[in-house]
Novice: 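Have a look at the structure that comes next, please.
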Amino acid sequence: MDSEVKNNMDTETADNICGQEWEWCLVGNIVEEHEYGEEHIIRFGNRQFRPNAKVYVNLIYGGMGHEKVLVIGLPRHSKDYIEIVIARKYVCNFRLQKVFKPAVLNRIKNSEWSWWGNTEESRSRIISALEWLNPDLQT
């Protein structure tokens, strides 16, 4: 293969990786431990996710103060991302992040729900949600 052609292919590959699609997202972590049941048993993480697992959050389920949230994350016993509704009390440390991970972006793209997007409006909506979700971080 000609060296000039090979260099052009390397440049195109690098551009595809660097110029990859991205999306703003509300991100959180699964709680380390919580009480469960009448006996107040201490549980670590929740049924689907390990403690401190990173999850990508969508506030599609408004309900009574967003008691339930839609999340995408890596479950305890699988290597494939899942999209599932869980109680918001199992998610902590909410923050705004750009998502570049192809597996997560693919899951968001194939979701039946609309996610955040990569616009300035999406970023503003997440920031206003963060003010409500993390009131103790306000100055």
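Residue indices begin at 1 and follow the sequence shown. Model, not experiment: these values are computed from the prediction.
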Novice: Can you list the residues that meet the side-chain hydrogen bond (donor to acceptor under 3.5 Å, both in side chains) rule with N93, with sequence neighbours excluded?
Specialist: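 Testing N93 for side-chain hydrogen bond (donor to acceptor under 3.5 Å, both in side chains), a comparison that skips the adjacent residues, returns N29.
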Novice: Where the side chain of S78 meets the backbone of P75, is there a donor-acceptor pair that is under 3.5 Å apart?
Specialist: no
Novice: Taking the side chain as every heavy atom from C-beta outward, state whether E83 and W113 have any atom pair closer than 4.5 Å.
Specialist: yes
Novice: Which one of I30, N52, V31, L133 satisfies the side-chain contact (heavy atoms from CB on, under 4.5 Å) criterion with C92?
Specialist: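 Among I30, N52, V31, L133, the one that satisfies the side-chain contact (heavy atoms from CB on, under 4.5 Å) with C92 is V31.
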Novice: Under 3.5 Å, side chain of W115 to main-chain N/O of E23, donor-acceptor pair present?
Specialist: no
Novice: Between the main-chain N or O of R107 and the side-chain N or O of S111, is there a donor-acceptor pair closer than 3.5 Å?
Specialist: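 Checking the backbone N and O of R107 against the side chain of S111, no donor-acceptor pair under 3.5 Å is found.
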Novice: The criterion is ring pair (Phe, Tyr, Trp, His ring centres under 6.0 Å); which residues satisfy it with W24, sequence neighbours excluded?
Specialist: W22
Novice: Can I86 and V91 be said to form a side chain to side chain contact (heavy atoms under 4.5 Å, CB included), step by step?
Specialist: CA-CA 9 Å; I86 64 172; V91 183; 3.7 Å; yes
Novice: Start with the C-alpha distance between R50 and R76, add both sets of side-chain angles, then the distance that settles side chain to side chain contact (heavy atoms under 4.5 Å, CB included), and finish with yes or no.
Specialist: CA-CA 6 Å; R50 291 181 174 91; R76 285 181 184 263; 3.9 Å; yes
Novice: State, with a plain yes or no, whether a side-chain heavy atom of Y81 is found less than 4.5 Å away from one of K101.
Specialist: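 Answer yes - side chains close enough.
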Novice: Treating N110 as the side-chain partner and N106 as the backbone partner, does any N or O pair qualify as donor plus acceptor under 3.5 Å?
Specialist: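 Yes; judged by distance alone, with no hydrogens or angles, the pair exists.
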Novice: Answer yes or no: is there a side-chain heavy-atom contact under 4.5 Å between V27 and F94?
Specialist: no
Novice: Who are the salt bridge (charged side-chain N to carboxylate O under 4.0 Å, His left out) partners of E112, not counting sequence neighbours?
Specialist: none
Novice: Quick one, V69 and L59 - any side-chain contact, counting heavy atoms below 4.5 Å?
Specialist: yes
Novice: Evaluate V71 against N58 for side chain to side chain contact (heavy atoms under 4.5 Å, CB included), listing each step before the verdict.
Specialist: CA-CA 6 Å; V71 299; N58 191 339; over 6 Å; no
Novice: Looking at side-chain heavy atoms only, is the closest gap between I108 and I72 below 4.5 Å?
Specialist: yes
Novice: Just do the side chain to side chain contact (heavy atoms under 4.5 Å, CB included) check on Y56 and L26 with the steps written out, would you?
Specialist: CA-CA 6 Å; Y56 303 89; L26 179 61; over 6 Å; no
